[in-house]
Amino acid sequence: MSFKVAIVGATGNVGREMLNILEERGFPVSEVVALASRRSQGTEVSFGDRTLKVKALDQYDFSDTDICIMSAGGNVSKEWSPKIGKQGCVVIDNSSAFRYDQDVPLIVPEVNPDAISLFTRKNIIANPNCSTAQLVVALKPLHDVATIKRVVVATYQSVSGAGKEGMDELFTQTRAVFVADTVDVKKFTKRIAFNVIPHIDVFLDDGFTKEEWKMVAETKKMLDPKIKLTATCVRVPVFIGHSEAVNIEFEKPITADEARDILRDAPGCQVLDKREDGGYITPLESAGEDATFISRIREDSTIDNGLSMWIVSDNLRKGAALNAVQIAELLVERGLIQPKKKAA
Ligand SMILES: NC(=O)c1ccc[n+]([C@@H]2O[C@H](COP(=O)([O-])OP(=O)(O)OC[C@H]3O[C@@H](n4cnc5c(N)ncnc54)[C@H](OP(=O)(O)O)[C@@H]3O)[C@@H](O)[C@H]2O)c1
């Protein structure tokens, strides 16, 4: 059994990673179609040792496509995902357009796989925000054992989370600083080279940013609506890999040693935690990896049943492309999707 898969946003950071991961994991494809805007029509992207010519989304007919993985931003998704879903093609969407829709499941396969069955309501499945995905992978196994009451998180998010323009801006500004050229600020609100910016997405009335609100809403939707979470989201001059400093208050007692053992056995998690120089993960080492890495696990004696930890993952993989491909695998494993065209 194999499936015709379309990747919308195939020329972008997440889309390219999507093509790599489909290939690496041997997802059963009969055909892969690369789609983007008309700007990129005719350009080429790699899929394993093959080269795919990019087609324009608005000229493509989805009627014989089985799965469409969207990573072209919220506006494109709002316009196209419902139309594609109505053509009987299951949409796995990376944008925030449908994440909070009650009729659309928001899925991290290690966390809430059973919620996927809801997808038939709209034929759309949402992928969470990159910072939330890695957070819930680490929180879920601890919540199952000791019940989380409250989480305080500060993120250190790489520029690739802002698309290929974000990566270009860090590169261009860094070079400009070194050659004493003018530093232009276009994509971010302030200079990102040799700086950090405590602002991601738009400001809301209460002073939090939309990125911070997303972490709250998505953790509640996927893990437990009773969990209280507060976040500060910060952009840092790192190309790939989001890091998070996380403080967790549990209902029941849990030691650092117990948490380490639980996380060592948990799906998608890798513990790298030695109390010595370099005995922890940094975003540079997480780039290109699938795992959510957990380091610096320690008890916080300032609250009852408190733990602090450092969580790092490749935002383009677990934060986006890998999670989307895992959702497609879950559809296949559970027999929730059949190819439209039977193999000859
Ligand atoms: N980066 C992350 O860490 C991350 C994590 C989770 C979710 N996401 C989400 O994934 C999506 C893509 O992110 P990205 O980082 O890959 O951005 P990106 O590098 O800027 O790529 C954007 C892609 O969207 C395509 N696109 C733009 N407008 C289009 C249109 N009108 N019709 C068809 N295609 C269009 C672009 O094609 P052209 O080349 O033709 O312009 C490009 O392929 C966003 O929704 C983002 O929120 C990103």
Side-chain angles (χ1 to χ4, degrees), residues 6-21 33-46 52-60 62 68-81 83-84 91-99 106-108 124-136 155-171 186-188 200-202 210-211 214-215 218 233 235-236 238-244 283 286-288 292 312-327:
I7 306 289
V8 178
T11 54
N13 272 344
V14 174
R16 284 173 194 271
E17 204 61 50
M18 206 83 80
L19 291 164
N20 292 338
I21 292 174
V33 184
L35 301 172
S37 76
R38 286 191 188 202
R39 288 181 295 273
S40 307
Q41 194 170 5
T43 59
E44 293 180 339
V45 290
S46 302
L52 308 177
K53 273 229 175 351
V54 175
K55 297 180 181 171
L57 167 65
D58 59 4
Q59 294 172 350
Y60 183 73
F62 282 86
C68 170
I69 310 186
M70 295 281 286
S71 61
N75 291 337
V76 176
S77 180
K78 270 186 204 136
E79 181 185 348
W80 285 93
S81 296
K83 292 190 218 169
I84 298 169
V91 177
I92 301 171
D93 182 34
N94 270 284
S95 80
S96 58
F98 295 95
R99 285 181 195 150
L106 175 67
I107 301 291
V108 169
I124 303 174
I125 303 166
N127 210 50
N129 180 255
C130 37
S131 306
T132 318
Q134 66 185 66
L135 181 70
V136 292
T155 69
Y156 303 72
Q157 297 180 223
S158 67
V159 292
S160 57
K164 52 187 191 251
E165 288 173 9
M167 296 181 87
D168 290 347
E169 184 140 319
L170 175 58
F171 180 82
K186 290 184 195 146
K187 176 78 184 168
F188 298 112
I200 301 179
D201 210 333
V202 296
K210 185 84 182 286
E211 186 81 356
K214 284 176 200 166
M215 293 191 78
E218 294 173 21
C233 292
R235 187 74 70 194
V236 296
V238 165
F239 281 106
I240 293 175
H242 286 0
S243 309
E244 298 174 340
S286 78
T292 292
V312 182
S313 195
D314 180 328
N315 52 295
L316 299 178
R317 291 177 77 93
K318 187 59 198 169
L322 171 64
N323 199 67
V325 174
Q326 286 178 301
I327 291 173

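Numbers here simply count residues along the sequence, with the first being 1. Order of appearance sets the numbers: ligands from 1, and atoms from 1 within every ligand.
With rounding to the nearest 0.5 Å, the separation of CG in Asn323 from CD1 in Ile21 is 10.0 Å.
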message: Quick one, Val108 with Lys318, criterion side chain to side chain contact (heavy atoms under 4.5 Å, CB included). Give me CA distance, side-chain angles, the key distance, then yes/no.
response: CA-CA 9 Å; Val108 169; Lys318 187 59 198 169; 4.0 Å; yes
message: Is there a side chain to side chain contact (heavy atoms under 4.5 Å, CB included) between Leu52 and Ile7? Walk through the geometry before answering.
response: CA-CA 11 Å; Leu52 308 177; Ile7 306 289; over 6 Å; no
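The main-chain N or O of Asn127 is never found under 3.5 Å from a side-chain atom of Asn94 such that the two would form a donor-acceptor pair.
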Write 'none' if nothing qualifies; otherwise put on separate lines each N/O atom of ligand 1 with a protein N/O atom under 3.5 Å away and their distance to 0.1 Å.
residue, atom, partner, partner atom, Å
ligand 1, 1 (N), Ser160, O, 3.0
ligand 1, 3 (O), Asn315, ND2, 3.1
ligand 1, 16 (O), Asn13, N, 3.2
ligand 1, 16 (O), Val14, N, 2.8
ligand 1, 19 (O), Asn13, N, 2.9
ligand 1, 19 (O), Lys164, N, 3.0
ligand 1, 34 (N), Ser37, N, 3.2
ligand 1, 37 (O), Thr11, OG1, 3.2
ligand 1, 39 (O), Thr11, OG1, 2.5
ligand 1, 39 (O), Ser40, OG, 2.7
ligand 1, 39 (O), Lys164, NZ, 3.4
ligand 1, 40 (O), Ser37, N, 3.1
ligand 1, 40 (O), Ser37, OG, 2.5
ligand 1, 40 (O), Ser40, OG, 2.6
ligand 1, 41 (O), Arg39, NE, 3.3
ligand 1, 41 (O), Arg39, NH2, 2.9
ligand 1, 43 (O), Gly9, O, 3.2
ligand 1, 43 (O), Thr11, N, 3.3
ligand 1, 43 (O), Thr11, OG1, 2.6
ligand 1, 43 (O), Gly12, N, 3.0
ligand 1, 45 (O), Gly73, N, 3.1

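Partners of Lys214 under the side-chain contact (heavy atoms from CB on, under 4.5 Å) rule, at least two apart in sequence or in another chain, are Ser96, Arg99, Tyr100, Asn129, Asp201, Lys210, Glu211, Glu218.
With Trp80 as the partner, the side chain to side chain contact (heavy atoms under 4.5 Å, CB included) test is satisfied by one option alone out of Asp58, Val91, Val8: Asp58.
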